[in-house]
Amino acid sequence: MKISIKLILCLTLLIFILTVNSYATVYNYDSFIAGNGFGTKEKINDNVTRMKGGTDDGDGMLEGPYSKSSTATLQEGINEETHVKVDLEKMQDNELFQVSLAVNLKEGETNDYANEEVVTIQKSGDVAYVTASGRSNYIAVIGETGIYTFRWEINKEEDGVKIKVSVFNYETLIGTTGEMDFDSIEGPDFKELKDENPSDVSVRYLWFCNIRVEEGIDVYATLPSRISEDTQPSTEPTTQPAPTDEPVKDVTPKTGSQNIIQYIVGMALISVIGIIVLNKKN
């Protein structure tokens, strides 16, 4: 009996630790800012936002919506992800979209752009190739329509700041950059991070910086079950796009607040098991 109780305690603690360190920022309709040159967004339902790019300003990009919801810092490790439906039936040959995760560096009283990592998904023939700005060759090939997760992991290590970008089809990893030196990826106004205090480095934005897909793309706040995706009803918009001249109020749960809730739940579970153990002893 004592061994069983100890095993339950260990498993509960492990689940709690894994939950607290999950990818906590939820990028939903309300968290994205559109308009004023940053494309459009439509609320398909509570979980799906359809995005389209804006106009070409001569740089070849059709900039889309962005979100500043994440409160993650390099101190605890930055783990962000977004779920996007790659519809090979609707995407035309050579159409593409790009999504970028950028970080800030706190300098004095301001938070200034430091660096970013851009992921590109482009259809070519019957498949779509996924490339990342830190790698010269593609990192994944998407061969069928589905919802794919694009994940950024950034951590401070002894030899510098490391970043890894991965692509998942639900739980299946279909491609990754592997660990890269973030300072070797020099974006615009690049600032080196390896000697900086991790607490001064935070997420700046998740941005669909280029959406050159005529019919737009569907972005999911959370990954739906495979069953619900297979039986998904018609995706007609349930509301009109937000006015382009008004800022969108950010009501997305923050990383920190979700971790606090998870911490309380975890501690409650451990307390209940502790009481059971004490009662057994008495």
Atom CD of residue position Glu171 - does it have more than 12 heavy atoms of other residues, nucleotides or ligands inside 6.0 Å?
yes
Would a hydrophobic clustering, with Ile, Leu, Val, Met, Phe, Trp and Tyr connected at side-chain separations under 4.5 Å, put Leu193 with Phe190?
no
Looking at every heavy atom in both Ser70 and Tyr27, which two are closest together, and how far apart are they?
CB-OH, 3.7 Å
Side chains of Leu105 and Asp200 in contact at under 4.5 Å (non-hydrogen atoms):
yes
Under 4.5 Å between side-chain heavy atoms, hopping through other hydrophobics if needed: is there a path connecting Ile174 to Val119?
yes
Quick one: which residue pairs count as a salt bridge (Lys or Arg N to Asp or Glu O under 4.0 Å) with a foot in residues 109-122, not counting sequence neighbours?
none
What pairs of residues pass the side-chain hydrogen bond (donor to acceptor under 3.5 Å, both in side chains) test when at least one of them lies in residues 177-187, not counting sequence neighbours?
none
Can you tell me how far apart CD1 (Ile33) and OG (Ser69) are? Round to the nearest 0.5 Å.
8.0 Å
Flag side-chain contact, heavy atom, 4.5 Å: Trp207 against Phe38:
yes
Any donor-acceptor N/O pair, Gln75 side chain to Pro198 backbone, under 3.5 Å:
no
By side-chain contact (heavy atoms from CB on, under 4.5 Å), which residues pair with Ile217, not counting sequence neighbours?
Met51, Val84, Phe97, Phe208, Ile211, Val213, Val219
Measure the spacing between CD of Glu63 and CD of Gln98 and express it to the nearest 0.5 Å.
10.5 Å
Tell me the closest heavy-atom pair linking Glu196 and Lys156, and the distance in Å.
O-NZ, 2.8 Å
Under 3.5 Å donor-acceptor, Asn169 side chain and Thr172 backbone:
no
Results of ring pair (Phe, Tyr, Trp, His ring centres under 6.0 Å) for Phe150 - residues two or more places apart only
none
Which heavy atom of Pro65 sits nearest to which heavy atom of Thr40, and what is that distance?
CG-O, 3.6 Å
Flag side-chain contact, heavy atom, 4.5 Å: Lys162 against Lys164:
no
Side chain Asp57, main chain Asp59, donor-acceptor under 3.5 Å:
no
Does Gly60 offer a backbone N or O that forms a donor-acceptor pair with the side chain of Arg212 under 3.5 Å?
yes
How far does NE2 of His83 sit from CD1 of Ile147, to the nearest 0.5 angstrom?
9.0 Å
Given side chains that start at C-beta, do those of Leu173 and Ser166 come closer than 4.5 Å, heavy atoms only?
yes
Any donor and acceptor pair, going by atom type alone, linking the side chain of Thr176 with main-chain N or O of Val165 inside 3.5 Å?
yes
Is it possible for you to say whether Met61 and Leu206 belong to one hydrophobic cluster, with membership spreading through side-chain heavy-atom contacts below 4.5 Å?
no
side-chain contact (heavy atoms from CB on, under 4.5 Å) with Asp87: which residues, sequence neighbours excluded?
Lys85, Glu89, Lys90, Thr145
Can you name the closest pair of heavy atoms from Ala128 and Val86 and give their distance?
CB-CG1, 4.3 Å
Roughly how far, to the nearest 0.5 Å, is OG of Ser199 from CD of Glu76?
10.0 Å
All heavy atoms of Asp56 vs all of Leu62, minimum pair found to be N-CD2, 3.3 Å
Quick check: is Ile121 connected to Ile139 through a chain of hydrophobic side chains (ILVMFWY, heavy atoms under 4.5 Å apart)?
yes
What's the spacing between Ile163 CD1 and Trp152 CH2 if we round to 0.5 Å?
9.0 Å
If Ile, Leu, Val, Met, Phe, Trp and Tyr residues are connected whenever their side-chain heavy atoms lie under 4.5 Å apart, and connections chain through other members, are Val99 and Ile142 in the same group?
yes
Donor-acceptor side-chain pairing of Thr25 and Glu80 below 3.5 angstrom:
yes
Within a strict 4.5 Å, meaning less than it, do heavy atoms of the Val103 and Leu74 side chains meet?
no
Is a side-chain donor or acceptor of Asn115 paired with a backbone partner of Phe182 at a separation under 3.5 angstrom?
yes
When every non-hydrogen atom of Lys123 is compared with those of Asp93, the smallest separation belongs to O-OD1, 3.8 Å
Treating Ser31 as the side-chain partner and Ser67 as the backbone partner, does any N or O pair qualify as donor plus acceptor under 3.5 Å?
no
May I ask you to test the Leu101-Ile154 pair for a side-chain heavy-atom distance under 4.5 Å?
yes
Does Lys41 reach the main-chain N or O of Tyr29 with its side chain, forming a donor-acceptor pair under 3.5 Å?
yes
Is there side-chain contact between Asn104 and Tyr205, with heavy atoms separated by less than 4.5 Å?
no
The complete set of ring pair (Phe, Tyr, Trp, His ring centres under 6.0 Å) pairs with one or both residues in residues 104-144, sequence neighbours excluded, reads Tyr129-Tyr138
Can you confirm whether Glu107 is buried at CD, in the sense that more than 12 heavy atoms of other residues, nucleotides or ligands lie under 6.0 Å from that atom?
yes
